[in-house]
Colleague: 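Would you mind keeping the following structure in view while I ask a few things?
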Amino acid sequence: MSSAFDKLARPVQKWIRQQGWRELRDIQARSIRTIYETNADLIVAASTAGGKTEAAFFPLISQVLDEPFDGTGFDLLYIGPLKALITDQAMRLEGICQEAELPVVPWHGDVSQSIKTRALKSPKGILLITPESLEALFIRRGLKIARLFGATRAVVIDELHTFLDSERGVQLRSLLTRLELAIKRPIRRIGLSATLGDMDLAKAYLRPDAASSVQLIEADGGEAELRLQLRGYFSGDEDETCPSATDAIAAHLFKHLRGSDNLVFAGARQRVEIYADRLRELCAREQLPQEFYPHHASLSREHRDFVERRLKDAAKPTTAVCTSTLELGIDIGDVTCVAQIGAPFSVAALRQRLGRSGRREGQPAILRQYAVETKLMAESSFVDRLRLGLIRSIAMIDLLLEGWCEPPKPQALHLSTLVHQILSVIAQRGGASASAVYNVLCREGPFRRVTTEVFADVLRAIGHPETGLIEQADSGLLLLGPTGEKLVDHYSFYAVFKTPEEFRLVAEGRDLGTLPIDNVLAPGMLLIFSGRRWIVQEIHDREKVIVVKPAKAGVPPVFGGDAGEIHDKVIDRMFAVLEGGTSPAYMDSVSLTMLEEARAQYQLLGFRNENIHSFGEHRSIIATRVGTVKTSTLALALRSEGFSVEQHDGFLQVENGDETPDLRAVLGRISAGDARDIFGGAGNLVSEKFHPYLHHELLVLDACSSKVDTSCLGTLSERLRS
DNA sequence: GACCTGCTGCGGGATG
């Protein structure tokens, strides 16, 4: 074994030998050297099952054993985004730590109180925890934090990419800063991930004050061969003889996926239910055993566990038709093929999904992309004519092949999460001065974009007697107000993200899962859910329970959702595809026909030379050629001028009444900086959990830092009108 | 025009 191996503590070496490993992987050897030779923060980037966890923990555990820190508390901290991942990783670490007699403590909502009580009494070893449970520790045991983490030498953040620019990521970075302030020294940060697009941005997220000193250990090459096919399907010509696109795709999946483990990403929970139902029917018709199962977040934990166990079980071929639930997280083993129905929303997600396939030596990664487009008719809309779904699929696959994926957005203010953290700091300390809270969160912590003026404005908003989240004592100390007290006291406070209200679906006394409250259901109605068909028997409004029993037919439920956000670069590539002449080799003949039609229509509508195409006096299509943030900013501006606007990938469809002014004139006014208040007619600006406690001006400020880009309006409208 | 993630403390009753 290598020199890196020699550095490790005896019990760790012994465990490695017991596994029969002949040598350490390259990233493990490099990580061991870096951790032993420097105090640097570290990013370990390698594919799933690439040995990242060991790369971090072999040297860390060794250091804990050979050169323990002075002080009390847990020696190492691990943060995971999912409960299931923590359970999995705790089991893996248990093996290594048994030999070393180092306790491994999993800690999340499903871990029993007795394990937590014992760990609090004698905190040592490795603590594996979610951001929310760590948050709860700060609020419930605020004064004990220094004692619990006094000896902590490193924090390992798993699936680092999920914590980059999300509200949850900001919360985590705030908690890590507060942890370092509590123990009065920095803790080495180690991020693990398979899907980081821009390493410099990831470094800046891991350690904002010293991004350039963050070390990067990246697994080199070894990428599996990629086999790729894009298939086109026409919908809208269903009759007796010709199957619908859905049936045709289901039949194709059935033929090619049966007999092995696969993941089918259907894009939406309703489509998951539809495809799982069709595939189930096909198995039943051919009298074959079931091997296609739905998997999404509204299905009961019990059903999801069953599907995950089947995927892990090599003896039972299983295809999960899923949403992003199976995109990351627990190890389900290698799958033969990844199918994607409809265009994905981000290249990053596509890359993460594809990483589930082709992980075994000599096995290719296989991506089957299905695009559904309607047959063109005289009255077809421009969205159908330009085949925007297919074009986006091509653009995303191209960018994936080039190794690009969406970077995080570092400029966002995250005011909702700021409100949460203000309450959390006050609760942790039992009261705090405004300047102390500002220093912790905005000077040291992740809310660096928040100026003292905006911070004071947020304090005034949440301290307003009508809001009642905080109040000020005569001494000037900030305390929780009556509403704040109630909020922080409930367990629902710990998560920074919003969750919708739902009904529980029950059959024969067992939970099937949950349904959003806006599904209109009545007794006697039919339903497809959890891959089976049901009839509604009873609805209990107060308990939010729907009782169903099996039925022969069913209708897929409605799940709702938000608008996706497509990056500028993806839209830019879509226009390049529409204007280009060559066709990728991975396309089938139907999708090639669709691409030719799209290019011809693009030419016909004049978008090669023009940005605006008008249909008569009242309707125009604008090719904005930019992503969702900029396009929706222009949409807001045009709406405030009285236009009715529909938004699509890189395009706006604009309609005006008789009274509305000329589109080009309005664009001219906007480009001259003479636009109206685009938030005057205020769409709904309340999108995050703590937004309801902020006033309009703060909500506008928050939106402008992430969802809207007013700075682009001038140049964008100038370019479009000329 | 979509998806996903998370959760404490206490009281009451059963069990050894």
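Computed from heavy atoms alone, side chains included, the values below leave out hydrogens, waters and symmetry copies. Just so it is clear, the structure is predicted and the values come from calculations on it, not from any experiment. Residue numbers start from 1 in every chain, and the chains themselves are labelled A, B, ... in the order their sequence lines are given, proteins ahead of strands.
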Colleague: Check every strand shown and say whether A/Thr499 touches a base, only sugar-phosphate, or nothing at a heavy-atom separation below 4.0 Å.
Modeller: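 Base, at least one base atom sits under 4.0 Å.
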
Colleague: Name the nucleic acid region contacted by A/Lys689, choosing base, sugar-phosphate or nothing; use a 4.0 angstrom heavy-atom cut-off, strictly under.
Modeller: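 It contacts nothing in the nucleic acid.
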
Colleague: Taking the side chain of A/Tyr494 as its heavy atoms from C-beta onward, which of B/dC3, B/dT8, B/dA2 lies nearest to it?
Modeller: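 So the nucleotide nearest the side chain must be B/dT8.
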
Colleague: Compare the minimum distances between each of B/dC3, B/dT8, B/dG6 and the side chain of A/Ala136, then state the nucleotide with the smallest one.
Modeller: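 For the A/Ala136 side chain, the nearest candidate turns out to be B/dT8.
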
Colleague: The side chain of A/Thr325 is closest to which nucleotide in this list: B/dT8, B/dG6, B/dT5?
Modeller: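 Among the listed nucleotides, the one closest to the side chain of A/Thr325 is B/dT5.
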
Colleague: Over how many whole Å does the gap from A/Leu263 atom CG to B/dC4 atom C1' extend?
Modeller: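 One finds 16 Å between C1' of B/dC4 and CG of A/Leu263, rounded.
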
Colleague: Counting the atoms with a prime plus P, OP1 and OP2 as sugar-phosphate, which does A/Arg168 contact under 4.0 Å by heavy atoms, base, sugar-phosphate, or nothing?
Modeller: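 Since a base atom lies under 4.0 Å of A/Arg168, the category is base.
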
Colleague: Listed by chain and number, what are the side-chain contact (heavy atoms from CB on, under 4.5 Å) partners of A/Arg625, not counting sequence neighbours?
Modeller: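 By the side-chain contact (heavy atoms from CB on, under 4.5 Å) rule, A/Arg625 matches A/Phe575, A/Glu579, A/Tyr602, A/Phe607, A/Asn611, A/Ala623, A/Arg719.
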
Colleague: For A/Phe493 and B/dC7, is the gap between ring centres under 5.5 Å while the planes differ by less than 30°?
Modeller: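 Check failed, A/Phe493 does not stack on base of B/dC7.
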
Colleague: Mind checking salt bridge (Lys or Arg N to Asp or Glu O under 4.0 Å) for A/Glu327 and listing every partner two or more places apart, or none if nothing turns up?
Modeller: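 Salt bridge (Lys or Arg N to Asp or Glu O under 4.0 Å) list for A/Glu327, sorted by chain: A/Arg353.
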
Colleague: Between A/Leu299 (CG) and B/dC4 (P), how many Å, whole number?
Modeller: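 From A/Leu299 CG to B/dC4 P: 9 Å.
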
Colleague: Please report the distance, rounded to the nearest Å, between CG in A/Leu350 and C1' in B/dC3.
Modeller: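 Going from A/Leu350 (CG) to B/dC3 (C1'), I get 15 Å.
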
Colleague: With sequence neighbours left out, what residues match A/Lys409 under side chain to side chain donor-acceptor pair (under 3.5 Å)?
Modeller: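 Only A/Glu565 meet the side chain to side chain donor-acceptor pair (under 3.5 Å) criterion with A/Lys409.
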
Colleague: Quick check, does A/Phe345 stack with B/dA2? I mean ring centres under 5.5 Å and planes off by under 30°.
Modeller: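 Answer is yes, a stack.
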
Colleague: Closest to the A/Arg141 side chain: B/dG9, B/dC7, B/dC4?
Modeller: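 Nearest to the side-chain atoms of A/Arg141, counting from C-beta on, is B/dG9.
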
Colleague: Name the nucleic acid region contacted by A/Gly267, choosing base, sugar-phosphate or nothing; use a 4.0 angstrom heavy-atom cut-off, strictly under.
Modeller: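 A/Gly267: backbone/sugar contact only, no base atoms under 4.0 Å.
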
Colleague: Rounded to whole angstroms, how far apart are CD on A/Gln352 and C1' on B/dT5?
Modeller: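 About 14 Å, once rounded to whole Å.
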
Colleague: Under 4.0 Å between a side-chain N or O of A/Arg140 and OP1 or OP2 of B/dC7?
Modeller: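 For B/dC7, neither OP1 nor OP2 has a side-chain N or O of A/Arg140 closer than 4.0 Å.
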
Colleague: Calculate the interatomic distance between A/Asp110 atom CG and B/dT5 atom P; express it in whole Å.
Modeller: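 Atom-to-atom, A/Asp110 to B/dT5, this comes out as 13 Å.
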
Colleague: Do the side-chain N or O atoms of A/Thr130 get closer than 4.0 angstrom to the phosphate oxygens (OP1, OP2) of B/dC7?
Modeller: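 True: A/Thr130 side-chain N/O within range (under 4.0 Å) of B/dC7 OP1/OP2.
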
Colleague: Rounded to the nearest angstrom, tell me the gap between atom CD in A/Glu273 and atom P in B/dC3.
Modeller: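 Result: 12 Å.
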
Colleague: Nearest to the side chain of A/Ser324, which nucleotide is it out of B/dG6, B/dC4, B/dC7?
Modeller: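 Output: B/dC4.
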
Colleague: Quick check for you: among B/dC4, B/dT8, B/dC3, whose closest atom lies nearest to any side-chain atom of A/Phe559?
Modeller: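 It is B/dC3.
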
Colleague: Got a sec: does the NZ of A/Lys486 have more than 12 other heavy atoms crowding it under 6.0 Å?
Modeller: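 Counting neighbours around NZ of A/Lys486, 12 or fewer heavy atoms of other residues, nucleotides or ligands fall under 6.0 Å, so no.
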
Colleague: Hey, can you tell me if A/Phe529 and A/His296 have their rings parallel, tilted or perpendicular (30° and 60° cut-offs)?
Modeller: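 Ring orientation, 0 to 90° scale: perpendicular.
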
Colleague: By the 4.0 Å heavy-atom rule, please label A/Asp489 as base, sugar-phosphate, or nothing.
Modeller: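 Touches nothing.
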
Colleague: Under 3.5 Å, which donor-acceptor pairs link side chains of residues 131-143 of chain A to any protein atom two or more places apart or in another chain?
Modeller:
| residue | atom | partner | partner atom | Å |
| --- | --- | --- | --- | --- |
| A/Glu132 | OE1 | A/Arg168 | NH2 | 3.0 |
| A/Glu132 | OE2 | A/Arg168 | NE | 2.9 |
| A/Ser133 | OG | A/Thr130 | OG1 | 3.3 |
| A/Glu135 | OE1 | A/Gln171 | NE2 | 2.8 |
| A/Glu135 | OE1 | A/Gln421 | NE2 | 3.0 |
| A/Glu135 | OE2 | A/Ser424 | OG | 2.5 |
| A/Arg140 | NE | A/Tyr494 | OH | 2.6 |
| A/Arg140 | NH2 | A/Asp489 | O | 2.9 |
| A/Arg140 | NH2 | A/Tyr494 | OH | 2.7 |

Colleague: Between atom CG in A/Leu423 and atom P in B/dC7, what is the gap in whole Å?
Modeller: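 Distance check: A/Leu423 CG to B/dC7 P gives 20 Å.
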
Colleague: Phosphate oxygens OP1/OP2 of B/dT8: is one of them under 4.0 Å from a side-chain N or O of A/Lys116?
Modeller: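 True: A/Lys116 side-chain N/O within range (under 4.0 Å) of B/dT8 OP1/OP2.
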
Colleague: Taking only residues two or more places apart in sequence or in another chain, which ones pass salt bridge (Lys or Arg N to Asp or Glu O under 4.0 Å) with A/Arg356?
Modeller: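 Counting only residues at least two positions away or on another chain, A/Arg356 forms no salt bridge (Lys or Arg N to Asp or Glu O under 4.0 Å).
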
Colleague: State whether a side-chain donor-acceptor pair under 3.5 Å links A/Glu167 with A/Ser416.
Modeller: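 Distance-only check fails for A/Glu167 and A/Ser416.
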
Colleague: Go through A/Asp88 and A/Arg92 one step at a time and tell me if the salt bridge (Lys or Arg N to Asp or Glu O under 4.0 Å) criterion holds.
Modeller: CA-CA 7 Å; A/Asp88 258 27; A/Arg92 283 170 72 182; over 6 Å; no

Colleague: For A/Trp107, give me all partners under ring pair (Phe, Tyr, Trp, His ring centres under 6.0 Å), at least two apart in sequence or on another chain.
Modeller: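 With sequence neighbours excluded, A/Trp107 shows a ring pair (Phe, Tyr, Trp, His ring centres under 6.0 Å) to no residue whatsoever.
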
Colleague: Distances under 3.5 Å between protein N/O atoms and the N/O atoms of nucleotides 14-16 of chain B, please, pair by pair.
Modeller:
none

Colleague: Just to be sure I understand the rule, does A/Ser492 reach a base, reach only the sugar-phosphate, or reach nothing, if contact means heavy atoms closer than 4.0 Å?
Modeller: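 Since a base atom lies under 4.0 Å of A/Ser492, the category is base.
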
Colleague: Got a sec? Which of residues 301-309 of chain A come in under 4.0 Å of DNA chain B, heavy atoms?
Modeller: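 Contacts with DNA chain B under 4.0 Å: A/Arg304.
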
Colleague: Between A/Gln113 (CD) and B/dT8 (P), how many Å, whole number?
Modeller: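 After rounding, the reported distance stands at 8 Å.
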
Colleague: Go through the structure and list residues passing side-chain contact (heavy atoms from CB on, under 4.5 Å) with A/Ser357, not counting sequence neighbours.
Modeller: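 Result, side-chain contact (heavy atoms from CB on, under 4.5 Å) vs A/Ser357: A/Val335, A/Val338, A/Ala365.
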
Colleague: Among B/dC4, B/dA2, B/dC7, which nucleotide has an atom closest to any side-chain atom of A/His108?
Modeller: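 So the side chain of A/His108 is nearest to B/dC7.
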
